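This report concerns only the one structure given below.
Proteins come first, then strands; the chains are lettered A, B, ... in the order of their sequence lines, and each starts at number 1. Fair warning: this is a prediction, and the values are worked out from it, not measured in the lab.
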2 protein chains.
Amino acid sequence: MEVKVMQDILGRNDAVAARLREGFASRRVFALNLMGSPGSGKTTLLEATLKALSGEMRIAVIEGDLFTTKDADRIEKCHARVVQINTSGGCHLDAPMVEGALATLGEEPPDLIVIENVGNLVCPAEFDLGEDAKAVVLSVTEGDDKPMKYPLMFKESAVALLNKTDLLPFTNFDLARATEDIMTIHPAAKVMPVSCTKGDGLESWYDWLRGRVAAKREGVP
Amino acid sequence: MEVKVMQDILGRNDAVAARLREGFASRRVFALNLMGSPGSGKTTLLEATLKALSGEMRIAVIEGDLFTTKDADRIEKCHARVVQINTSGGCHLDAPMVEGALATLGEEPPDLIVIENVGNLVCPAEFDLGEDAKAVVLSVTEGDDKPMKYPLMFKESAVALLNKTDLLPFTNFDLARATEDIMTIHPAAKVMPVSCTKGDGLESWYDWLRGRVAAKREGVP
C-alpha cells in the first residue's frame, strides 16, 4: 500500500518536473538543485557564488525551508532575486512547489537558477525538480563516513563539495577516503574540497558553473 | 489525499508505539530516541555514554541507518548489545521497525535502551517509537540558526545536546542565542553544551540518564 502511494506521489512529481525541465530548456536557464545536511554550508556557498558571479551572469535563487525565511533574507542581502518556499515542516522540495515559486520570480529568465533544498541528506535526493544538475554540500565536520551512509545523495549529484576544509585540522575527516567513496558511488562525480568562509577551492566550483551555464545558453542539452 | 495517507501511516505507527510503550513500562526499561543531523555526533555520544555508564546499568542500543552497519560496528566495539535496523533508504525509524529489532535483542531487559535514529533533523521527530524521552544532538558547526529552522525536533526533545563545543572558537555559533531559541521553542528542555570527543560537559548528560533510568526502575511513569 505505502509503496503504491509513494509511486503515485513520485509519478505526479515527475510529470511536473518534466514540464519544468522543458521550461528551463526553452528559456536556456541552467537549473541547479543544491542539497546537503542542515549546516553543511549551502547558503554560505550561495552567498560566495553570488558575490563572485553576479557580475557575469544573471542568477536567481529559490530557497527551500520548513518555516523561516532566514536563508532567503541572507540571499536578499546579496542583491539577488530570491523566492522563499516554506514546506510547513516538509522534509524536501517537490516539483509543484518549485513551479509555484518560479511563477513569482518574474518574466526575465536568469542564466542560472539555484534551488536550495531543505537541509536533509536523505529525502531531497528522491525528488526530481526538473533541474539540469544536482550538487551536494558535505561539511568535513560531518565525518568521512557520510557518502557510504547516504549513497543516493552522492549518486545523484554531479558535484560533491567537501566544505569547511579550514576545520580539517580539528577533525579526523579523511579527504582521500571520502573522495574515493564518492567516486565508487558515482565515478563521474566532481569532488571539490572547499572552504566557503575562507574562499579556498571555490574557483573550481565557479568554473564548473560557468561551463554549464555557457553550454545551456548555447542550447547544449 | 496525501494528508489522509500520512494520517493512516501515523495512525498505524502510533498503535505499535503504544504497544512498545507498554512493554517498556512493564519491563521498566527507560527508552531514549536519539536524533540529530548526519554527523552531529550521535554515535560518538553513545560511545562515550557506554564507556561511562556500562558499569552501573545494562544498556542496549538499536542503530538506525539507511544501508550500512557502520554505527552498529562502532557500538559493538564498546561491548554493548546492539541491533542494526537498515531502512533501505528510508529517512526515519518507525515503531514497527523498532518492534522487530527488539524481538532480536534477547530476553533479559536492559535498564536503558537507546534508539539511534537515522541522521536527519526533520522526519524522525514525527514518528513516535514508544520511547520515554527524545534527545537531539546539534553540532555547533551546523550553526545557531538550526533550532528555529527545525523547531519540531527541538519541541519534541527533552534534552538538546549542543555538541563539538571544542570547535566553538572556529565557528560563529552563539551558544547563548541557540539556548534562548531552544528555550523559546521548548521551555522545559534541558540544554547541554558538550564535547563528546573531549568529554566536556558530559557529566550533566550522564546524571540526567541516571535519574531517568532510576525513576523508571522504580516504576515512576
Step by step, would you call B/T43 with B/I75 a side-chain contact (heavy atoms from CB on, under 4.5 Å)? CA-CA 8 Å; B/T43 311; B/I75 296 305; 4.0 Å; yes

Hey, what do you get for [atom1] ([X]) to [atom2] ([Y]), rounding to the nearest 0.5 Å?
| X | Y | atom1 | atom2 | result |
| --- | --- | --- | --- | --- |
| B/L93 | B/N117 | CG | CG | 4.0 Å |
| B/E116 | B/N33 | CD | CG | 10.5 Å |
| A/S54 | A/R81 | OG | CZ | 11.0 Å |

Determine, step by step, whether B/D71 and B/D73 satisfy the side-chain contact (heavy atoms from CB on, under 4.5 Å) criterion, reporting the C-alpha distance in whole Å, the side-chain angles of both residues, the deciding distance to 0.1 Å, and the verdict. CA-CA 5 Å; B/D71 291 346; B/D73 296 344; over 6 Å; no

Residue pairs, two or more places apart or on separate chains, that pass salt bridge (charged side-chain N to carboxylate O under 4.0 Å, His left out) and touch residues 31-47 of chain A: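 Every salt bridge (charged side-chain N to carboxylate O under 4.0 Å, His left out) pair that includes a residue of residues 31-47 of chain A, provided the two are not neighbours, is A/E47-A/R74.
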
Strictly less than 4.5 Å between heavy atoms, which residues of residues 166-203 of chain B line up against chain A? Please order them by number.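 Against chain A, the residues of residues 166-203 of chain B that fall inside the cut-off (heavy atoms, under 4.5 Å) are B/L167, B/F170, B/R177.
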
Per-residue contacts, residues 59-67 of chain B versus chain A, heavy atoms under 4.5 Å: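 Against chain A, the residues of residues 59-67 of chain B that fall inside the cut-off (heavy atoms, under 4.5 Å) are B/D65, B/L66, B/F67.
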
Are the side chain of B/D94 and the backbone of B/N13 linked by a donor-acceptor contact shorter than 3.5 Å? no

Backbone N/O of A/T68 and side chain of A/N86: donor-acceptor pair under 3.5 Å: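 Yes: the side chain of A/N86 pairs with the backbone of A/T68.
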
Is the A/W208 ring parallel, tilted or perpendicular to the A/F30 ring (thresholds 30°, 60°)?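 The rings of A/W208 and A/F30 stand perpendicular, inter-plane angle above 60°.
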
Stepwise, does the side-chain contact (heavy atoms from CB on, under 4.5 Å) test hold for B/M97 with B/T87? CA-CA 8 Å; B/M97 292 177 195; B/T87 63; 3.9 Å; yes

Name the member of A/V118, A/L121, A/N120 that forms the most heavy-atom pairs with chain B at distances under 4.5 Å.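 Of the options given, most contacts go to A/N120.
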
Chain B shares the most heavy-atom pairs under 4.5 Å, among A/A125, A/G89, A/G41, A/G119, with A/G119

With a 4.5 Å limit on heavy-atom distance, are the side chains of B/F24 and B/I113 in contact?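 They are in contact (side-chain heavy atoms under 4.5 Å apart), so the answer is yes.
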
Taking the side chain as everything from C-beta on, heavy atoms only, tell me whether A/S157 gets closer than 4.5 Å to A/M35. yes

Which one wins on heavy-atom pair count under 4.5 Å against chain A: B/G39, B/C91, B/P38? B/P38

With a 6.0 Å cut-off (strictly less than), is the heavy-atom count around NZ of B/K70, excluding the residue itself, greater than 12? yes

Only heavy atoms, only distances under 4.5 angstrom. Which residues in residues 128-152 of chain A are near chain B?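 Result: A/T141, A/E142, A/D145, A/K146, A/M148, A/K149, A/Y150, A/P151.
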
If you apply the rule side-chain contact (heavy atoms from CB on, under 4.5 Å), what do you find for A/I115 with A/L32, and how did you get there? CA-CA 6 Å; A/I115 306 162; A/L32 181 78; over 6 Å; no

